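One structure is given below, encoded as C-alpha cells.
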Amino acid sequence: MVDVTLKVGGAAGQGVQTVSEVLSLILARHGYYVFSIEDYQSRIRGGHTFTLLRVAEQWVSGGKGALDILVCLDEATYHLHRGEVKEGGVILGKTGNEAPGEDVRLLPLDFEGVALRLGNRVFANMVATGAVLAILGIGLEEAREYVRETFARKGPEIVAKNEEALEEGTRLVEASGLSSSPFLGGHQNPSRVSRRYLISGNEALGLGALLAGCTFYSAYPMTPSTGILNFLASRAEAYGLIVEQAEDEIAAINMAIGASYAGARAMTGTSGGGFCLMCEGLGLAAMTETPIVVIDAQRPGPSTGLPTRTAQGDLLFVLHASHDEFPRFVFAPRDPQEALNTVIRAFNLAEKYQVPAIILSDQYLADTRWSYDRLSCEERPIRPSLSWDGASPYRRYALTPDGISPRLFPGGEALVVADSDEHDERGHLTEDLALRKAMQEKRMRKLEVMRKEMRLPFVLEGKDATLIGWGSTWGVLLEVRKALGQKGKSIGVVHFSDLYPLPEGLRDFLKRFPNPVVVEQNFSGQLATLLEQETLLPFPKRICRYDGLPFLVEELVEQVAEVL
Amino acid sequence: MVDVTLKVGGAAGQGVQTVSEVLSLILARHGYYVFSIEDYQSRIRGGHTFTLLRVAEQWVSGGKGALDILVCLDEATYHLHRGEVKEGGVILGKTGNEAPGEDVRLLPLDFEGVALRLGNRVFANMVATGAVLAILGIGLEEAREYVRETFARKGPEIVAKNEEALEEGTRLVEASGLSSSPFLGGHQNPSRVSRRYLISGNEALGLGALLAGCTFYSAYPMTPSTGILNFLASRAEAYGLIVEQAEDEIAAINMAIGASYAGARAMTGTSGGGFCLMCEGLGLAAMTETPIVVIDAQRPGPSTGLPTRTAQGDLLFVLHASHDEFPRFVFAPRDPQEALNTVIRAFNLAEKYQVPAIILSDQYLADTRWSYDRLSCEERPIRPSLSWDGASPYRRYALTPDGISPRLFPGGEALVVADSDEHDERGHLTEDLALRKAMQEKRMRKLEVMRKEMRLPFVLEGKDATLIGWGSTWGVLLEVRKALGQKGKSIGVVHFSDLYPLPEGLRDFLKRFPNPVVVEQNFSGQLATLLEQETLLPFPKRICRYDGLPFLVEELVEQVAEVL
Amino acid sequence: MATLFDAHDVEIAWCPGCGNFGILQALKETLDELGYRPQDVVVVSGIGQAAKAPHYLRVNVFNGLHGRSIPVAFAIKAIRPELLVIAESGDGCMYGEGGNHLLHAIRRNPDITVLVHNNQVYGLTKGQASPTSGEGFRSKAQPWGNLSRPLNPLSLAISQGAGLVARAFAGDKEGLKGILKEALNFRGFALVDILQPCVTFNPVNTYAWYRERVYYLGEDHNPEDQIAAFQKSLEWGDRIPLGVFYRNPQPTYEMKVEGRAKKRRNLFEEEEFQRVLQEEFAQFL
Amino acid sequence: MATLFDAHDVEIAWCPGCGNFGILQALKETLDELGYRPQDVVVVSGIGQAAKAPHYLRVNVFNGLHGRSIPVAFAIKAIRPELLVIAESGDGCMYGEGGNHLLHAIRRNPDITVLVHNNQVYGLTKGQASPTSGEGFRSKAQPWGNLSRPLNPLSLAISQGAGLVARAFAGDKEGLKGILKEALNFRGFALVDILQPCVTFNPVNTYAWYRERVYYLGEDHNPEDQIAAFQKSLEWGDRIPLGVFYRNPQPTYEMKVEGRAKKRRNLFEEEEFQRVLQEEFAQFL
Ligand SMILES: Cc1ncc(C[n+]2csc(CCOP(=O)(O)OP(=O)(O)O)c2C)c(N)n1
Ligand SMILES: Cc1ncc(C[n+]2csc(CCOP(=O)(O)OP(=O)(O)O)c2C)c(N)n1
Ligand code: SF4
Ligand code: SF4
Ligand SMILES: [Mg+2]
Ligand SMILES: [Mg+2]
C-alpha cells in the first residue's frame, strides 16, 4: 500500500508553501489521500520553513517523521533534514557536502538556475513541482490543467512558461534515471470521480461560519487565526457578509456583540493573546445574553510566545475566562470536516441558549490540509423561534424555567434593552439583590440544559491502553492506534470535541476504559486535570508536548509504548 | 458582655458613611471593638445606603443581622429596615407610619431640622452622632476631640458648631429618657492604652504595599479597588511613590511591568472587569519573568454586574488567566491585618521567583473596618540578592536548576534584554524549539519551589462539621463557629489564604476534617471545585451566596445548621 | 415637556442639579421633534453616570462595557442601517478607556452620533481626574493636582477629518437641541462634546464657570474649513466656543458596504443552503 | 559604518531591501554620534516586524506586547529618568492596537521618544491594511480595498499639543539621522513617524513612490506655530513634507514628579522600616 512522506523545505519567501500546495492539489486530484503540515517561523523572508506532506492510497490523518523524499529549496534544508530521510529515500534540490544517510539517493538540482534559464526565478516552484511529480511517478496532465486554471488571467505566455517549467523538472529527474521506480508505483487516477477533497482547518472554520449564516465577522489579525479572516473576506462580497478588521481585539468582540444584538449571526476569531483582550467582552455577551461565536486558535505562550507554532494550552483559560460565573460552550473540533459542522453547531447552540460559544482551534488544525473522499455537512443553521406573544409588555430577560428568555431584535415593535449591569426582566439596571439572585440563577440554569446538548467523546475500544485526547490530536491518535495495532497492541482512543459543559455521566463512562493515557499539546495536561475535577478519577499518565511542534506518528508511538 | 449592632441608613450623599466612620472611630478610641460593613449602590446621590456597625467588648469579626439600634437619616431607611430591629431595640431619626416590631422603642428625630437651626444642613451628621452616642451611653469627650482634630483647619466657628451639633443630638436623647439605660452600660475607657486600631481592607492593602517598599502603583479607577489608589496617592508625596492613574487597565498593568523591569517594586489594582483587560499583561509579566503584584478586588458579575457589592467569583479565573501555562501566586487575605502582611509577602515572593502575584480582595474586605488591639507586621520587604558574577556574559534567562535566573536592572554594566516572544538565555527571541522546551520547563520548574512557600490553611478543629472557606469570609466563619458552639455544636474551620500553588500534602491534610462544608460567595463553589481537582476528594456540601451581600452571622448559622 | 421618549418606571439615579438632566431632556425633545419613533432608535452606552442615560429614554438600549460603546454602535448600524444609532457616554468612557475606538471610528465614518457628557471628571467612581480635567485638578487619586494636559476631543476629531464635530453646553437646552439636530441629521460620524456640570465632584467647571465663558460660533465661522475649525477648537479658557466646528461630508461606512447586504443569501432555507454548499464544496475538490 | 550599538550574534529576520534596515542603521549611528553608551539606553517595542528592531541594537531591550510599548516606556522613564528611553514599533502596533496609549502619553509628556516604522501595512501578519494604509489598499483581508480613511498621526499629535512631532523617511539616512537627533535631544514626548517601504506587502508606497514625493520642510516653516504645523501635517499626496513639524516645549512628567523620588525611604533597612511602621500605624489608632 503506497504511503509516501515528503518534505519540502526552504527559506521563507522561497515558495515552500506554493510547491506543497500545488503538489497536494494535484495528488488529491489524482485520487491520492494527502495530509500536509505547515511549519514556519514568525518572519516573512529567510529563516527556515517546510511542509511535511504525506501521500497515501489509504486515508491518513497524521504526519510521519521519516521521509521518503526531501525537497531542498535551499542548502539549509539539506543540513537540517537530511538525517530524517530513510533508506531508499531521495533528496533533491540544493544539497550540501555532508553525506546523506545510507541508501539515500541524492539528486542535486538547481531549480532556480533552470527557472532563470526560462526567464524568471519565479518558475523555480514549478520546476521543483515537476521534478517531484516525476519522482512520484505522476504524469503532468493534472499539473498542466492546474497551471492553466491558475495562470490563465496572466496570459498564455505565463501559462506556457509554467508548463515548460514543469516539464523541465520532470525531464531532469528522468535524465537521472530516478523516475524508473516511482514512489507511487505509477498509479494513475482513472477518472475524476475519485478526486479527493482537500481542506485546511482555517478554511473549514470559515466555511462553517459561512454555512451557519454568519453575517458579521470582526477580527484583528493574529496568527494562526488570520486564515479565517482571509477566507471570510474572500466570500464577503459574493455572499453579503460584513467582514471588518477591528482596531484591536476589544473592538472586535464588542462589534460582534453589537452585530448580534442587532440581529446578525456574529463571530470573531483570534489567538490566545487576543483572547485575553476579549475576556471582558465575553462576560458582556454572557450578561446581556447575546449569542456570539469566538474562535481561539491556540499557539504556544505565555504571552507572544511562538506565534507560528501549535499548542493546546488555553483550555482551562477559556473555560474560566472573564470574572464571575456564566454558562458558555467550549468545542474543539478534531479535523477540518468536524470543524465545519462544529461552527454551525456553535452558532445554533449559542443562539438557542443565548450564550457565548468558544471554539478552540490551534495552529496545527488551522494550517494542516486534510483530504477526504467526501465532505459532508450534517448541521443546518437554525434560528430559534422568538417566543413573544406581542401583547404583554416585552421582557427581554423574563425569568423562565429553563433560563431562556424571549430574544427580540431592535427595530421591531418592542423595545429591546440590554445592560452589562445586573438588570431586571426588562433589561434595566437594578440594585434589587433578590432579583440579582434570581437573575444569576436564571443564567446558570441554562447550564444544565446545555449539558444535554453535549456529545460524549468519540470512542475506539482497546484492551491494552486508552489514549485520551481532545481537539486537533484526534488524527494522530488514530494513526498511533493503527501503528501499535500492527505491533500487536490493542489501543483504544477516547477523544473529546465537546469540552464544556462536559456531558453527563462522564465518570461512569470513563471508568470502563483500561489504562488511560492522556495526550495533550501543553505542559501540564489540562484535559486530564479537567477530567479529574469532573470525575474525581485520577489520570496520572500524561504525554505532553509543548515545544510548539505537533505530535508525529512515530514519536508518539514510542512515547505511548513507553508508558504501556 | 456588651455586643451591640447598629445600622445607619439613608440616601447616598446624606452622610451615612460619615456618621458611621465617626462613630466607629470614637467607639474604638473608647476601647470598644468595632466592626463596620458598608452597603452602597452604584450612584452618588439618592437611592439607599447603610452601614452595619457592631460594637462589642470582645473582639468581633463578622456582622449580625438583628439590630439593636437603627438610625434613619431618611424615611426609606425606616421602611426598609424597621423589621430587622429586635426586641428592646431603638429606632431613631426619620420614622414612618408603620408600626415597628414589638418592644421596639421609637425616637423620631429631625437631625436635619436641628442642623438647619444651627445654621447649616451639614451639621446633621454630628447631631445624629451625638444622639447615637447618648443612646449607647458614651460621653462626648472623645467626640469633641475628634471634632477639634478634624475641623481645626476650618476655623474655630466650625469646630464650635459641630460640638454644638453633638450636644444637641445628645440632649434630644436625654430629653426622651432613652439614655437612662444605655446600650453600652455606661462603660468608659479609663485610659488611652486600650484604644483599638481601626482599619479597612483597602487601607491595609495600601499600607502593606507602602511597607513592602512599593515605589510604583498604576491603576484605572474601579470599585471596589479605588480605595487602594486613594490610599497610596495620599502617601505618594510624603514617601516618594509614583502613583499614576492610567488611561485604561491595559496601560496600568503594562506600566507596572515597565516599572518593575526598571527596578521598582510595582503593583496594580482593579476589579474583575479590569482584570479581564490585564490578562494579556499578566502573561507578559510571566514570560519576561518580571515580578508584579496585582490586586483583584472582586465584585459580582458577570460583566459590570453589581459594582458596589461583594463576591468571590474570580478564583478560578485568576488561577488560569492568560493563555498557556505559567507559574503565579494567588493569595486571598482573610482580614485587614493579614492583608497588610500578605501584600508584603506577595511582593517578596513575586520578586524572589520573578512571577506575578495576585491578591484576591473583594468589596467586603475592601470596605469593611475591623478593630484590633494591636496591628502587627510580621513580614519585611526583602529584595533577592542578584547572583551575577559580573564577569561572564550576562544571561538574564540562564537555565538554572530551580528556574530562577539572575535578574539585573537596566542602567548597570550588563545589558538587560526581555522579550514577550519565546527567547534564548540572553532574552533574544528564538525559534529554536528545543530551547523553547527548555525555557517552558525552566519557568514551570519554579512552581514546585513556589509550592513550598505556601502555607497550609488556618485550622480550628471541630467534631460535628468543618467549615471550609477562603479570603474575606474567615471572620464570619469564626463567628458562626462560636455561635454554634454556644448551641452545643462543635464546628471546625479550615480557612485558605494561600490559594495557588496549593501547599503540598493537601489531600492527607484535608482528609482528617469531619463533615466538610465549603462556604463561598459565588454560585458554584469554586474553592470546593479546586479542592476536588487537587485532592480528588469530593466536597459536595457547599453553601454559596451570590446576591452581592456578605454572609452575616445568624443567617449563616442557620444555613450551616441545616446541612449538619 | 412630555415627549414620546419619556421613560416610565425607571428611577433616575443622578444627583439633583446634575447637568445630565439637561442633556437628557434636550435629547428627548430633539428625537421627538425630528419625528423618530422610539423603536427606530438605539442608544448604546458604556459605564458611568452619563452612561445611564439610555435607561432614562424610551428607546432600544444597549448599555455595554466601560469605554466600549462605539464598536457596539458601529456594528449595530452596519447590520441595521435603517435604525438611528447613538453612542452616549461620559468623557472617561469615550476619551479614556475608549479612546482608541473613537479614533478608529472616525476613520470608518459610520453614520452614528457620539454624544459625550463631558463633565471633566470621573463621576461614578467618585471624582478622579478624567482625560479632560484641567491641569491641576485635585482629587483623592490626584491630591497633587492633575499632572496631564487635558485631551482636546474637538481638535482630535477635526485632525482626523471626522464627519461632524461640535460642542454644546448642557445648561442651554435650546442651543443644545439645535446642535443635536444638526448632528443627528448629519449622514456620517458626528461627535458632540457636551459640557456638563457635575455638581458633586467638579467644583471647578460649574454652571457659572461655563456660563461666563461659552459663546456660539457665528456666521463668520466656516465649518467646512478644516484649518479654521482646528484653530477654533484650540480656544479654551476665558472664552469657550459652542456650535458645529467642523463638517466634512463623505461616504459613510454603510454606503460603502451597501452592495453586500443585497447579496445576502438565506441559508436558513434548505434549497439555498444546498446550493451554497455545492458551490463551496466544489472549491475544495 | 560600525557603531557602539551594533548587535552581534543576532540574525536579522527582515526581508532583504526592507526599509527597516535604513532605520536601524540611522538609529545606531545617531545614538553613537550623540555619545550615548549602550547601557544607558532602553528601547521598548511591541510586536511586528519593526518591533524586532531593538534586538538588532546593542542596548537594553524590553520587547513587550503588541500595541503596548508606550506604557512600558513611560514607566521605565518614570522610575529611571537618567536613562534614554525609546519606544519603537510599527504603525499597526502604535496607531492600531496601541492608539489609546499614544493619545494619553502625549498628555503626560514623559521624556521619551516614540519611533514608528510606518510601512502603511501590517507586515508580520502578512499584509493586511494598517491604520495608515491608503483608502482602497487591497489585501487578503480587504480584497475590496481598505474602506477607512488613513489615520494621520502627525495631525493627531499636533492637535494634542505633543512635545515634538516629526516625519522622516527611511530611504534618506542623513535626513533621518538629523531628525532622530532632534527628537532624542528634545526634552519631552517626541513622536517620529518614519516612512518605511515594505518591499514585500506594500506595492503602493514603495521607495520610488516616496522618493517622488518627499521634501524637507524649509526655514520658512515655524515649528512653534501649532496652526502652521497642523496645516503642514495635512499635506499628503503629490508632495509629502519631512522634518520637524511641531515643537512645543513644556515641563516633562519626570520633572513634575522629581520631588517625590527624593523622599523615597529605604524600607529594606529595618530601622527606617520601623519608623515608617510606627508613623503609619499611629494613623489607625
Ligand atoms: C473596565 C472598567 N474599568 C473601570 C470601570 C469603573 N468605572 C465605572 S464608571 C467610570 C468612570 C466614569 O467616568 P465618565 O465616563 O466620565 O462618566 P461620568 O460618571 O463622569 O458620567 C469608571 C472608571 C469599569 N466599569 N470598567
Ligand atoms: C494582541 C495581539 N494581537 C495581534 C497580534 C498579531 N500581530 C503581530 S504583529 C501585528 C501587526 C504588525 O503590524 P505593524 O505594527 O505595522 O508592524 P510591521 O510588521 O508592519 O512592522 C499583529 C496584528 C499580536 N501579536 N498581539
Ligand atoms: S456625580 Fe456628578 S455627573 Fe454624576 S450624577 Fe452627580 S452631579 Fe451628575
Ligand atoms: S514584510 Fe515588509 S516590513 Fe516586514 S521585513 Fe519584509 S519588507 Fe520589511
Ligand atoms: Mg465624566
Ligand atoms: Mg506596519
Side-chain angles (χ1 to χ4, degrees), chain B residues 28-29 195-199 203 207 210-213 215-216 218 235-242 244 246-248 250-264 266 280-281 284 288 375 377 380-383 409-421 427-429, chain D residues 7 9-10 13 38-42 44 46-47 52 54-55 58-80 82-83 85 98 100-101 103-105 107-108 253 257 259-268 270 273 276-277 280-281 283-285:
Chain B
R29 289 188 179 178
R195 278 187 172 201
R196 311 293 172 201
Y197 288 88
L198 196 65
I199 188 168
E203 288 167 339
L207 182 54
L210 188 75
L211 293 172
T215 48
F216 190 95
S218 46
R235 302 303 196 265
E237 290 196 295
Y239 288 91
L241 334 178
I242 298 220
E244 183 62 19
E247 58 271 27
D248 55 32
I250 301 172
I253 192 167
N254 278 280
M255 284 178 181
I257 292 168
S260 175
Y261 165 82
E280 200 194 8
L284 174 65
T288 58
L375 281 178
C377 184
R380 288 292 172 277
I382 299 166
R383 292 216 98 162
F409 302 130
E413 278 317 293
L415 297 178
V416 184
V417 178
D419 192 355
S420 69
D421 294 274
H428 287 298
L429 64 83
Chain D
D9 304 327
V10 179
Q39 56 267 50
D40 298 333
V41 180
V42 187
V44 183
I47 296 295
K52 294 175 184 168
H55 290 285
R58 204 163 73 86
V59 291
N60 296 288
V61 176
F62 193 97
N63 181 180
L65 297 171
H66 183 59
R68 315 303 173 188
S69 56
I70 290 179
V72 173
F74 160 80
I76 294 173
K77 185 73 186 178
I79 292 297
R80 303 291 297 276
E82 73 279 16
L83 300 177
V85 180
N100 207 32
H101 310 307
L103 203 55
H104 292 278
R107 298 178 45 231
R108 291 188 185 95
Y253 182 86
V257 299
R260 289 193 214 165
K262 294 187 188 123
K263 295 186 202 135
R264 213 163 271 166
R265 295 171 72 167
N266 182 11
L267 290 151
F268 299 103
E270 178 68 17
F273 181 84
V276 171
L277 193 70
E280 281 296 329
F281 275 6
Q283 306 286 316
F284 296 94
L285 203 57

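The model shown is predicted, which means the values in this text are computed figures rather than measured ones. Naming convention: chains lettered A, B, ... in sequence-line order (proteins, then strands); numbering from 1 in each chain.
With hydrogens and angles disregarded, no donor-acceptor distance shorter than 3.5 Å links the side chain of D:H101 to the backbone of D:R68. Distance alone, capped at 3.5 Å, is enough to place a donor-acceptor pair between the D:N60 side chain and the B:V416 backbone. A donor-acceptor contact shorter than 3.5 Å is absent between the side chain of B:Y261 and the backbone of B:P410.
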Checklist entry - Can you check side chain to side chain contact (heavy atoms under 4.5 Å, CB included) on D:L285 and B:Y197, steps first, answer last? => result CA-CA 4 Å; D:L285 203 57; B:Y197 288 88; 3.4 Å; yes
Checklist entry - Would B:L284 and D:F62 count as a side chain to side chain contact (heavy atoms under 4.5 Å, CB included) if you check the C-alpha gap in whole Å, the side-chain angles of each, and the deciding distance to 0.1 Å? => result CA-CA 11 Å; B:L284 174 65; D:F62 193 97; 4.1 Å; yes
Next on the checklist: side chain to side chain contact (heavy atoms under 4.5 Å, CB included), that's the test. Do B:D421 and D:I47 meet it? Break it down for me.
Outcome noted: CA-CA 9 Å; B:D421 294 274; D:I47 296 295; 3.5 Å; yes
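Listed here is the closest heavy atom pair of B:H428 and B:D419: C-OD2, 4.3 Å.
Residue with the most contacts toward chain D among B:I242, B:T288, B:N254: B:N254 (heavy-atom pairs, distance under 4.5 Å). Among the candidates D:Y253, D:F273, D:F74, the residue making the largest number of heavy-atom pairs closer than 4.5 Å to chain B is D:F273. Note: D:L277 leads D:L277, D:L103, D:N266, D:I70 in heavy-atom pairs under 4.5 Å with chain B. When each of B:G281, B:P381, B:A259 is scored by its heavy-atom pairs under 4.5 Å with chain D, the top score falls to B:P381. Ranked by non-hydrogen atom pairs under 4.5 Å with chain D, the options B:G411, B:A252, B:A264, B:A256 are led by B:G411. Contacts with chain D were tallied for B:R383, B:E280, B:M255, B:E247; B:E247 has the most, counting heavy-atom pairs under 4.5 Å. Among the candidates B:I257, B:D248, B:I253, the residue making the largest number of heavy-atom pairs closer than 4.5 Å to chain D is B:D248.
Only the side chain of B:L207 has a heavy atom closer than 4.5 Å to any heavy atom of chain D. Only the side chain of D:K52 comes within less than 4.5 Å of a heavy atom in chain B; its backbone stays farther off. Using a 4.5 Å cut-off between heavy atoms, D:L267 touches chain B through backbone and side chain atoms alike. Looking at D:V59, the atoms closer than 4.5 Å to chain B (heavy atoms on both sides) all sit in the backbone: N, CA, C or O. Heavy atoms closer than 4.5 Å to chain D are found in both the backbone and the side chain of B:A236. Using a 4.5 Å cut-off between heavy atoms, D:L83 touches chain B through its side chain atoms alone. For a residue to count as touching a neighbouring chain, one of its non-hydrogen atoms must lie under 4.5 Å from one of that chain's; by this rule B:Y239 touches chain D with backbone and side chain alike. At a 4.5 Å heavy-atom cutoff, the contact between D:Q283 and chain B is made by side-chain atoms alone. At a 4.5 Å heavy-atom cutoff, the contact between D:R58 and chain B is made by backbone and side-chain atoms alike.
Counting only heavy atoms from C-beta outward, the side chains of B:L210 and B:L241 approach each other to under 4.5 Å.
Taking the centre and axis of the six-membered ring of B:F409, the NZ or CZ atom of D:R80 falls outside the cone set by 45° and 6.0 Å.
With rounding to the nearest 0.5 angstrom, the OG1 atom of B:T215 is 15.0 Å from the CZ atom of D:R265.
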